[in-house]
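Side chains are part of it too, since the values below use all heavy atoms of this structure and drop only hydrogens, waters and symmetry mates. Worth saying up front: this structure is predicted, and the values here are computed from it rather than measured.
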Amino acid sequence: MSRQKVLSGLSLVAGILVVLVFAAHTAGIPSVHRKFASIIPGQRDVDSFGVQAATYLFAVLGLYMLFSGLLMIYAAGGLGRSERWAWTVTLGTGAFNLIASSGVLAVGVRNPFVLTWAAASLALSLVACFSYGPYAHRPDLSDERALHGAITNHLSGKEMYE
């Protein structure tokens, strides 16, 4: 199996996992809201500003996870066709998800959903890093005819890397 197909499948699976984590994350917002009221010092009321702000940030992180997971799923198709944009999106999304999930783990949250998010992001980032080769197509410009053809195609609006 080619590296493109492996990365494409991993991106699809990681995206689906992140969207599922988003669903569980969103379902837990009411209970998290009550939990924040009991753990934020001086904020014992569920309607206090600190509890509302913490709940809002929790919800925004969930929304980020939804868009991130959908972006991974969308990029999976381009990865199978060796499109460079899809590799760039996958590496960026995987790395940012890895940073965000590591931050959540660093503050002490050891939830299985966070561990799933971190593992999917780590796997996607590592595989994307090690599979750069197929996405780095460059035309062979060692002779004058190839260089002339590449410049002509570029100026006429045709894709250079076909």
Side-chain angles (χ1 to χ4, degrees), residues 1-33 35 53-142 146-147 149-162:
M1 183 178 271
S2 69
R3 289 188 286 183
Q4 295 96 325
K5 297 296 180 193
V6 170
L7 184 56
S8 176
L10 185 62
S11 180
L12 183 63
V13 169
I16 290 169
L17 284 174
V18 170
V19 169
L20 291 175
V21 168
F22 157 77
H25 185 90
T26 304
I29 287 178
S31 63
V32 167
H33 182 69
K35 182 72 173 171
T55 305
Y56 173 77
L57 290 175
F58 186 82
V60 167
L61 179 64
L63 194 58
Y64 159 75
M65 289 183 343
L66 171 66
F67 290 130
S68 174
L70 292 175
L71 193 57
M72 287 180 203
I73 293 169
Y74 177 66
L79 290 169
R81 294 184 301 272
S82 298
E83 294 177 5
R84 189 179 175 131
W85 70 265
W87 179 84
T88 305
V89 165
T90 299
L91 183 62
T93 305
F96 195 80
N97 273 312
L98 183 59
I99 291 167
S101 61
S102 298
V104 172
L105 289 170
V107 297
V109 178
R110 299 293 185 264
N111 188 310
F113 295 116
V114 175
L115 295 173
T116 302
W117 180 31
S121 303
L122 177 63
L124 186 62
S125 298
L126 287 175
V127 171
C129 284
F130 291 118
S131 66
Y132 177 69
Y135 302 99
H137 304 321
R138 294 285 182 244
D140 180 22
L141 302 178
S142 59
L147 179 60
I151 291 171
T152 304
N153 286 342
H154 178 69
L155 293 176
S156 68
K158 294 180 181 174
E159 182 62 37
M160 240 172 90
Y161 305 111
E162 292 177 350

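- Summarising the geometry, atom CG belonging to L126 is positioned 8.0 Å from atom CG belonging to L98; distances are rounded to the nearest 0.5 Å.
- Annotation for T90 and S11: closest pair OG1-OG, 4.1 Å, computed over non-hydrogen atoms.
- Of the possible donor and acceptor atoms, one in the side chain of T26 sits under 3.5 Å from a partner among the backbone N and O of F22.
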Side chains of residues 70-80: which donor-acceptor pairs under 3.5 Å do they make with residues two or more places apart or in other chains?
none

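- For A118, the side-chain contact (heavy atoms from CB on, under 4.5 Å) criterion is met by S101, L105, not counting sequence neighbours.
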Without placing hydrogens or testing angles, list every side-chain donor-acceptor pair under 3.5 Å for residues 58-67, not counting sequence neighbours.
residue : atom : partner : partner atom : Å
Y64     : OH   : N97     : OD1          : 3.1

* Between W117 and L17, is a side-chain contact (heavy atoms from CB on, under 4.5 Å) present by the stated rule, with each step listed? -> CA-CA 7 Å; W117 180 31; L17 284 174; over 6 Å; no
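- In this structure, CG on L124 lies 8.0 Å from OG1 on T93, to the nearest 0.5 angstrom.
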